[in-house]
> 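Just passing along the structure, written as structure tokens.
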Amino acid sequence: PIQFGVPATDADLGMGHDAASSILAPLRERLSREHKACEAERADAKREADAAQSRDEQIRIELAARQAEKAAAERATIDLEARALSAREARVRAEQRVATTACVAAGKEAQLSQLSECDQLLQRQHQRMQLHQDEADKADRELNQLRRDFGEAMRK
């Protein structure tokens with residue numbers, strides 16, 4: 001019977017040890033050496049396969065970690081782009097508000113200037129009216145004085 005990894009002997013093959021062993025001894029030795037070499041090569045290949053599997057698993061783990069980092073970085077980039085857009089929009093709104101309030105302030109300043117001019121015109125008009133009123137009062141007093149003088153002169 002042949003077992004995996006174990007070479008068959010003459011006894012296993014049913015031959016006597018004397019005659020068969022002398023004829024087959026060189027073949028057996030050669031096959032035994034070849035078998036040992038194959039076993040050593042198989043062990044080396046197994047170690048190499050195990051090492052390759054370990055490297056493959058490590059690289060797969062590292063790749064998964066890098067992919068997760070990349071996805072997180074992409075999400076962070078998208079979030080940052082959204083925040084940048086929101087900040088830009090807020091800046092534009094603030095600049096529009098500054099422009100609007102500057103226009104309103106300029107309008108109010110123009111109204112104040114017009115109001116000041118109106119106030120000056122009204123004061124001049126009031127002074128003229130007061131002057132005319134004073135002149136009218138003086139003329140009225142003079143007229144009354146003349147009437148009294150005229151009435152006295154007429155009575156005489």
Side-chain angles (χ1 to χ4, degrees), residues 1-9 12 27-156:
I2 298 176
Q3 297 176 347
F4 180 72
V6 178
T9 63
D12 292 335
L27 181 59
R28 184 185 343 272
E29 287 175 16
R30 191 184 95 210
L31 288 175
S32 180
R33 281 191 310 273
E34 289 175 1
H35 178 264
K36 284 181 184 178
C38 283
E39 283 297 318
E41 190 175 334
R42 185 182 68 80
D44 286 345
K46 174 77 168 117
R47 281 191 296 276
E48 189 177 319
D50 290 346
Q53 181 180 359
S54 177
R55 281 191 307 272
D56 181 49
E57 289 172 1
Q58 288 173 348
I59 289 172
R60 286 176 187 254
I61 289 169
E62 187 175 342
L63 177 62
R66 296 293 180 261
Q67 288 172 335
E69 289 171 3
K70 180 182 175 184
E74 287 174 352
R75 285 190 303 273
T77 299
I78 289 169
D79 181 52
L80 191 56
E81 287 172 347
R83 289 181 17 220
L85 178 62
S86 179
R88 203 171 304 120
E89 289 171 349
R91 187 190 79 215
V92 167
R93 284 191 303 272
E95 288 172 352
Q96 287 173 341
R97 185 168 177 243
V98 166
T100 300
T101 55
C103 287
V104 169
K108 295 296 179 185
E109 187 176 336
Q111 288 175 343
L112 285 171
S113 177
Q114 289 174 346
L115 185 62
S116 177
E117 287 177 25
C118 287
D119 185 43
Q120 289 173 1
L121 289 173
L122 283 173
Q123 285 179 8
R124 283 189 219 132
Q125 190 67 23
H126 178 72
Q127 288 171 352
R128 286 183 191 139
M129 190 178 77
Q130 189 64 43
L131 182 62
H132 292 300
Q133 183 67 42
D134 289 346
E135 289 174 359
D137 287 346
K138 183 179 175 186
D140 194 38
R141 281 192 304 272
E142 288 176 1
L143 179 63
N144 287 336
Q145 184 63 39
L146 286 173
R147 282 185 187 157
R148 277 188 298 251
D149 289 345
F150 183 72
E152 285 178 17
M154 291 292 262
R155 278 186 252 160
K156 288 191 183 176

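The figures that follow rest on heavy atoms only: side chains count, while hydrogens, waters and symmetry mates do not. Every value quoted in this text rests on a predicted model; they were computed, and no experiment measured them.
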> Is a salt bridge present between Asp137 and Arg141, judged by a nitrogen-to-oxygen distance below 4.0 Å?
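Result for this pair is no, no salt bridge flagged.
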
> Give, for atom CG of Asp140 and atom CD of Gln133, the distance between the pair rounded to the nearest 0.5 Å.
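It comes to 9.5 Å.
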
> Nearest 0.5 angstrom please: Met129 CE to Asp134 CG, how far?
10.5 Å

> Could you tell me the separation between the CD1 atom of Ile78 and the CZ atom of Arg83, rounded to the nearest 0.5 Å?
13.5 Å

> Would you compute the distance between atom CZ of Arg91 and atom CD of Gln96 and round it to the nearest 0.5 angstrom?
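One gets 11.0 Å once the value is rounded to the nearest 0.5 Å.
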
> Closer than 4.0 angstrom, basic N to acidic O: yes or no for Glu135 and Lys138?
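Salt bridge between Glu135 and Lys138, a charged N being under 4.0 Å from a carboxylate O: no.
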
> Does Thr77 reach the main-chain N or O of Ala73 with its side chain, forming a donor-acceptor pair under 3.5 Å?
yes

> Check the pair Gln125 / Arg128 against side-chain contact (heavy atoms from CB on, under 4.5 Å), numbers first and verdict last.
CA-CA 5 Å; Gln125 190 67 23; Arg128 286 183 191 139; 3.9 Å; yes

> Decide yes or no for Arg147 and Asn144: does some side-chain heavy atom of the first lie under 4.5 Å from some side-chain heavy atom of the second?
yes

> Check the pair Gln130, His126 against side-chain contact (heavy atoms from CB on, under 4.5 Å), reporting the backbone distance first and the verdict last.
CA-CA 6 Å; Gln130 189 64 43; His126 178 72; 4.2 Å; yes

> Run Arg60 and Asp56 through salt bridge (charged side-chain N to carboxylate O under 4.0 Å, His left out) and show every step you take.
CA-CA 6 Å; Arg60 286 176 187 254; Asp56 181 49; 3.0 Å; yes

> Please check if atom CD in Gln145 has more than 12 non-hydrogen atoms from other residues, nucleotides or ligands closer than 6.0 Å.
yes

> Using only atom types and a distance under 3.5 Å, with no angle test, would you say the side chain of Ser54 pairs donor to acceptor with the backbone of Asp50?
no

> Is a side-chain donor or acceptor of Ser113 paired with a backbone partner of Glu109 at a separation under 3.5 angstrom?
no

> For Ser32, run the side-chain contact (heavy atoms from CB on, under 4.5 Å) check against Arg30, Glu29, Lys36 and tell me which one passes.
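One option only clears the test, and that one is Lys36.
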
> Working to the nearest 0.5 angstrom, can you tell me the gap between Arg47 CZ and Arg42 CZ?
10.0 Å

> Counting C-beta onward and ignoring hydrogens, is there a side-chain heavy-atom pair between Lys70 and Glu74 closer than 4.5 Å?
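The answer is yes, as the side chains (C-beta and beyond) meet within the 4.5 Å cut-off.
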
> Identify whether the distance between the nearest side-chain nitrogen and carboxylate oxygen of Glu69 and Arg66 falls below 4.0 Å.
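Looking at Glu69 and Arg66, the cut-off is met.
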
> Within the 3.5 Å criterion, strictly below it, is a donor on Gln53 or Glu57 matched to an acceptor on the partner's side chain?
yes

> Between the side chains of Arg148 and Glu152, is the shortest nitrogen-to-carboxylate-oxygen separation below 4.0 Å, so that they form an ion pair?
no

